[in-house]
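Read the numbers this way: they start at 1 and go in the same order the structure lists the ligands and their atoms. Since we're looking at a predicted model, the values are computed, not measured. Just so it is clear, the values below take in all heavy atoms, side chains as well, and ignore hydrogens, waters and symmetry mates.
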Amino acid sequence: MDNPAATGILQGMKYDSDIVIVGGGLNGPALALALAAQGHQVCIIDAQPETLRKNAAFDGRSYALALASKRLLARLGIWEQVAGHAEAMQEIKASDGRAGEGPSPLSLHFERGELEEGPMGYMLEDRYLRRALLEAVAAQELVEMLHDEVVEQDVTEQGAWLTLASGKVLSTRLIVGADGRASGTAERAGIKRTGWDYGQTALVCALKHELPHDGIAHQFFMPNGPLAILPLPDNRVSIVWSEKTGIAAEINALSDEDYLQVLRPRFGDFLGKISLDGKRFSYPLKLTIANHFVAERVALVGDAAHGMHPIAGQGLNAGLRDVAALAHVIAHAGMIGEDFASLLVLQRFQEWRRFDTATLAAATDLSNKLFSNDNPLLRLGRDIGMGVINALPAVKRSFVREAAGLSGELPDLMKS
Ligand SMILES: Cc1cc2nc3c(=O)[nH]c(=O)nc-3n(C[C@H](O)[C@H](O)[C@H](O)COP(=O)(O)OP(=O)(O)OC[C@H]3O[C@@H](n4cnc5c(N)ncnc54)[C@H](O)[C@@H]3O)c2cc1C
C-alpha cells in the first residue's frame, strides 16, 4: 500500500489520531492522559500484551518519586489511586560505606523540615503505578490503546504515518517515542544516541526487616557502586545495589541465603534482621541519551530520550518532567493558534529538556565515578565534601529542591 502521508492524501483529511505515542510503559500513558485532558485524540501503541503489564507481579522495581512527579500524577488523577501504597521519604542520609565498616561519620543528611512544601518524595512500587496508569487510560474516551508493534514510520509535511506488525497503517500529526532505551522511534527518525556501559549491574530486590525504617532513605557509597535502601510501606525496603558486572553475576548466582550473607555486611544491622520479600532482579547499567529529542513530527520522552544511572533515582522523574514539559508546550501552542506538531514548537520542548537532562546525566555519571571508587584521596575528599555541604544550609537547601524536582522552570502540570 502507498504511504498516504507521502502521497498527500492526508491533506485536508482527518488523521486517525492527533498524536500517536509509541510505548505504553509509564511515560507513554502519563503523556496520553495529559494530552487527552487538553482535548486531543491520542493513540498509544505497545508491543506487549495488556494482561502481562496490568497484572504484573512485583518485579523488584520501585520508584523514588520526587515531589514534582507526585504533583503531575495528582493532576492526572493517578495519585489518589496509588497514595495508599506510597511511603513518604521523611529523611535522606547519604554516606560513604565499606562492607563491615558501617557508614562514615561525615555524611549528608536531609530532613523533612528542609522543604516547606512537604516530603521530598515518595517511594512507590512499579506495579501499582503501572496498573493505575493503564486503568486511567482505559477509562479515558479520547485515548485508544493498541497492542501491536510499530515496524515503520514515515513523515512528510502533511503528516506522519506508522505501519504496525499487523499490517495496519495509522495517520497522525505527531509521533511521540516513549518506547524505552532502545527507541525504534528515534532510530527510524535518524536520531543517533550517545552513551556507554558503566560496567555495573544493579541488583534489585525488596527486603522485610525487623525495626521500623521511619521513612528514612539511605545511600551508601561503596567502592564498587552505590547501595540505596529506600523505605516501602509495612517494614519493607527496596534496595538498588550496584556492583561491578562480574561480581554482580557471581552474587546473582548465589542462593537467597548466600545472597543475604553477602548483602548483610554492606547493609548493616540498623534495621535488625532482614529477609527477602519476593524475587531478586538485576539490571545492567548503561547511559544512553538521544542526540536530539525532536525531529520533524517526532518527539522523544522518558527512557527513549535518556536512560541514566539509577544512582540518584531520577530516571522516571526525568521522564515525567519530559511529559509535563511536552504537554505544556503543546497546550501553549494551541492557545496562540500554532500547529503543535511543527518543528518550531517541538524545538521549544527540546530546548527546555535537553540541557536539563544532559546536565542531570552528567551529574549522575560524575557522582557514580567519584563515589564508586576506593581511592583513599577521593574517599577523604568526598567525605569532607559531604561534611561541608551538610554544614551549609543554603547549599543543602538547593540540593533538596533539586532532588524534589522543584528547581528550574516548572511546567504547568508540576506547579502546586
Ligand atoms: C534498577 C532500576 C531502578 C530504578 N529506580 C528508579 C527510581 O527510583 N526513580 C526513578 O525515577 N526511576 C528509576 N528507574 C528508571 C525507570 O525505571 C525508567 O526511567 C522508566 O521505567 C522508563 O519508562 P518509559 O515509559 O520511558 O519506558 P519503558 O518502561 O521502557 O517502556 C517502553 C515501552 O515501549 C514499548 N515498545 C518498545 N518498542 C516498541 C515498538 N516498536 N512498538 C510498540 N511498542 C514498543 C515496550 O513494550 C515498553 O512497554 C530505575 C531503573 C532501574 C533499571
Any N or O of [X] closer than 3.5 Å to N or O of ligand 1:
X	value
Gly28	no
Val301	no
Arg181	no
Val240	no
Arg188	no
Val22	no

Nearest option to atom 38 (N) of ligand 1, as decided by whichever heavy atom of Leu164, Asp179, Leu320, Leu285 sits closest: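 The option holding the nearest heavy atom is Asp179.
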For atom 49 (O) of ligand 1, the option (of Ile239, Asp322, Asp46) bearing the nearest heavy atom: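 It is Asp46 whose heavy atom sits nearest to atom 49 (O) of ligand 1.
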Report yes if the side chains of [X] and [Y] come closer than 4.5 Å at any heavy-atom pair, otherwise no.
X	Y	result
Leu73	Leu129	yes
Leu207	Leu271	no
Phe340	Arg173	yes
Leu320	Asn27	yes
Gln347	Val294	yes

Considering only heavy atoms, does [X] approach ligand 1 within less than 4.0 Å through its side chain, its backbone, both, or neither?
X	value
Ala178	backbone
Arg61	side chain
Tyr283	side chain
Asn27	both

When you measure from the side chain of [X] to the backbone N and O of [Y], does any donor-acceptor pair fall under 3.5 Å?
X	Y	value
Glu87	Met123	no
Arg61	Val204	no
Glu149	Ala47	no

At less than 4.0 angstrom from any non-hydrogen atom of [X], what atoms of ligand 1 do you find?
X	result
Val204	1 (C)
Asn317	11 (O)
Leu316	10 (C), 11 (O), 12 (N), 15 (C), 19 (O)
Gln48	47 (O), 49 (O)
Gly23	33 (C), 34 (O), 35 (C)
Leu26	21 (O), 25 (O)
Gly302	26 (O)
Ile45	43 (C), 44 (N)

Heavy-atom gap Ser62 to ligand 1 smaller than 4.0 Å: yes
Proximity flag Asp148 to ligand 1, non-hydrogen atoms under 4.0 Å: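 Heavy atoms of Asp148 do come under 4.0 Å of ligand 1.
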Arg193 side chain to Thr288 side chain, donor-acceptor N/O pair below 3.5 angstrom: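 Arg193 vs Thr288: donor-acceptor pair found between side chains.
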Donor + acceptor pair across side chains of Glu257, Ser255 (<3.5 Å):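 No - no donor-acceptor pair under 3.5 Å links their side chains.
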Parallel, tilted or perpendicular, as decided by the 30° and 60° cut-offs, for the rings of Phe267 and Phe270: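 Judged by the thresholds at 30° and 60°, the geometry between Phe270 and Phe267 is parallel.
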Distance (rounded to the nearest 0.5 Å) between Ile239 CD1 and Arg266 CZ: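 Going from CD1 on Ile239 over to CZ on Arg266, the span is 10.5 Å.
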Reference residue Gln153; test side chain to side chain contact (heavy atoms under 4.5 Å, CB included); the match among Thr172, Thr163, Val298, Val20: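 In the set Thr172, Thr163, Val298, Val20, the residue that makes a side chain to side chain contact (heavy atoms under 4.5 Å, CB included) with Gln153 is Val298.
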